[in-house]
Amino acid sequence: MGIRLNDIDEATWDVTIAPRQGLLDLGLEDLWRFRDLVRLLAYRNYMVNYRQTVLGPLWYVVQPLMTTAIFTMVFKFIGALPTDGIPAVLFYLSGIVVWSNFATNLMSTSDVFVANIGLFGKVYFPRLTVPIATVLTNLIALVVHLALFLLMYLLWILWGAEARPSLWMICCPLLFGVNIAMALGVGLSVSALTTRYRDLASMLGSVVQLWMYASPLFYPLSQIPERWRLLMALNPVSTMIEIFRYMAFGKGTFSAYSIEISLMVVVFTFASGLLLFRRAELIAADTV
């Protein structure tokens, strides 16, 4: 005896694919249903990145140490740039921790559609699971970088360096949460736009390099003239770096107004990225 489709109760289906209900329908409830997929994708990303490397996860330690050494040699000993009284190694390392977290998340989420179009065209799952899994994978690097910074911080204190850590250190997770939101917003926007404009992917590397020089990694924001500091606040990464240094050393150049501007930029960027990404889902298979 055959079973007619109309006889099957709707509740027996695992997923009901329906038209989007509006521009703000982001499908966030689907992300929770597919949380196991997010975990598996995060594990896959980790294995793919380090399975065939010589040092493996030790790159998380080697990369910031090498960059800090180069910055110290070039900008402190050769360029003689000031560090606001902060030991040079800790000054550069603190900026690298914040910048690396931002740049890594931006670059790794900016090619979601191009890198996964074969998978997206074969099976249904919330596309946001891919960038979220990438961000979770990058949290490993962030934890290692923070542990390395803390180790160097304690060593310098034992060697007699002056440091005045702030109680605001307890807000460090919130600081990096905002930093990740900014990177994710930009990454999702670029990923969505590359479905139509493929040359954006090749331009992104140069843009990120210029962005780094516009952020106070190897110079303190106090060296920027007062009239330009609010303009620097339009770059939230610069504010995040200065706040992190204030948390660790009690020295940083920012104001409540600059924080407000940076937060508004982050909220706008993150919301725009989500909307563009969701819109690109509808056309990615035909345009990539």
Side-chain angles (χ1 to χ4, degrees), residues 42 45-46 48-50 53 55-76 81 83 86-111 131-153 156 169 171-188 190 204-221 232 235-249 252 262 266 269-270:
N45 293 338
Y46 174 79
V48 168
N49 289 340
Y50 295 99
T53 59
L55 296 179
L58 285 178
W59 276 115
Y60 289 145
V61 175
V62 174
Q63 288 174 336
L65 286 179
M66 290 179 60
T67 306
T68 300
I70 293 172
F71 280 9
T72 302
M73 183 180 300
V74 173
F75 298 110
K76 182 61 177 179
L81 293 180
T83 59
I86 301 172
V89 171
L90 296 180
F91 179 86
Y92 298 126
L93 184 58
S94 61
I96 289 168
V97 169
V98 179
W99 174 256
S100 295
N101 176 249
F102 171 77
T104 301
N105 282 299
L106 192 164
M107 296 297 294
S108 58
T109 59
S110 62
D111 64 345
I132 290 177
T134 301
V135 168
L136 290 179
T137 304
N138 293 335
L139 285 178
I140 300 174
L142 175 60
V143 171
V144 175
H145 289 171
L146 286 174
L148 175 63
F149 174 77
L150 180 60
L151 176 62
M152 299 294 288
Y153 185 83
W156 248 256
M169 283 293 289
C171 295
C172 199
L174 178 60
L175 174 74
F176 283 97
V178 173
N179 199 43
I180 291 171
M182 180 64 186
L184 188 58
V186 178
L188 293 179
V190 173
L204 184 61
S206 299
V207 171
V208 170
Q209 288 294 321
L210 293 174
W211 199 332
M212 181 182 72
Y213 287 103
S215 304
L217 263 73
F218 34 80
Y219 59 87
L221 201 57
M232 292 288 289
N235 172 17
V237 183
S238 65
T239 305
M240 298 301 107
I241 292 175
E242 288 295 312
I243 292 176
F244 185 64
R245 285 173 177 156
Y246 177 78
M247 289 178 174
F249 310 109
S262 295
V266 171
T269 304
F270 184 69

Which side-chain N or O atoms in residues 97-104 pair as donor and acceptor under 3.5 Å with protein atoms at least two apart or in another chain?
unit_1 : atom_1 : unit_2 : atom_2 : d
Ser100 : OG     : Ile96  : O      : 2.8
Asn101 : OD1    : Asn179 : ND2    : 3.0
Thr104 : OG1    : Ser100 : O      : 2.7

Ignoring hydrogens and angles, write down the donor-acceptor pairs under 3.5 Å from the side chains of residues 138-147, residues two or more places apart or on other chains.
unit_1 : atom_1 : unit_2 : atom_2 : d
Asn138 : ND2    : Asn105 : OD1    : 3.0
Asn138 : ND2    : Ser108 : OG     : 3.1
Asn138 : ND2    : Thr134 : O      : 3.3
His145 : NE2    : Tyr60  : O      : 3.0

Could you give the side-chain donor-acceptor pairs of residues 236-244 under 3.5 Å, partners two or more places apart or in another chain?
unit_1 : atom_1 : unit_2 : atom_2 : d
Ser238 : OG     : Met232 : O      : 2.8
Ser238 : OG     : Asn235 : O      : 2.7
Thr239 : OG1    : Ser262 : OG     : 2.7
Glu242 : OE1    : Thr253 : N      : 2.7
Glu242 : OE2    : Leu221 : N      : 3.3

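Taking the side chain to side chain contact (heavy atoms under 4.5 Å, CB included) definition, one finds that Ile70 meets it with Val74, sequence neighbours left out. Judged as a side-chain hydrogen bond (donor to acceptor under 3.5 Å, both in side chains), and not counting sequence neighbours, Thr68 has no contacts. In this view, Tyr246 and Ser166, Trp168, Phe254 satisfy the side chain to side chain contact (heavy atoms under 4.5 Å, CB included) rule, not counting sequence neighbours. Not counting sequence neighbours, Tyr219 has no partner by the ring-ring contact (aromatic ring centres under 6.0 Å, His included) test. Taking the side chain to side chain contact (heavy atoms under 4.5 Å, CB included) definition, one finds that Ala181 meets it with Val266, Phe270, sequence neighbours left out.
For CE of Met73, the number of neighbouring non-hydrogen atoms (other residues, nucleotides, ligands) closer than 6.0 Å is 12 at most.
Side-chain contact between Phe91 and Lys76: absent, with no pair of heavy atoms (C-beta onward) separated by less than 4.5 Å.
Contacts classified as salt bridge (Lys or Arg N to Asp or Glu O under 4.0 Å) and involving residues 133-146 (residues at least two apart or in different chains) are not found.
Within the model, atoms CZ of Phe75 and CG of Leu217 stand 9.0 Å from one another, a figure rounded to the nearest 0.5 Å. Distance OG1/Thr269 to CG/Leu188: 11.0 Å, rounded to 0.5 Å. Atom-to-atom distance recorded for Leu148:CG and Tyr153:OH is 15.0 Å, nearest 0.5 angstrom. One finds the OH atom of Tyr92 at 13.0 Å from the OG1 atom of Thr67 (value rounded to the nearest 0.5 Å).
Nearest approach of Ala42 to Leu136, heavy atoms of both residues: CB-CB, 4.3 Å. Taking all atoms of both residues into account, the shortest heavy-atom contact from Leu204 to Ser110 is CD2-OG, 3.2 Å.
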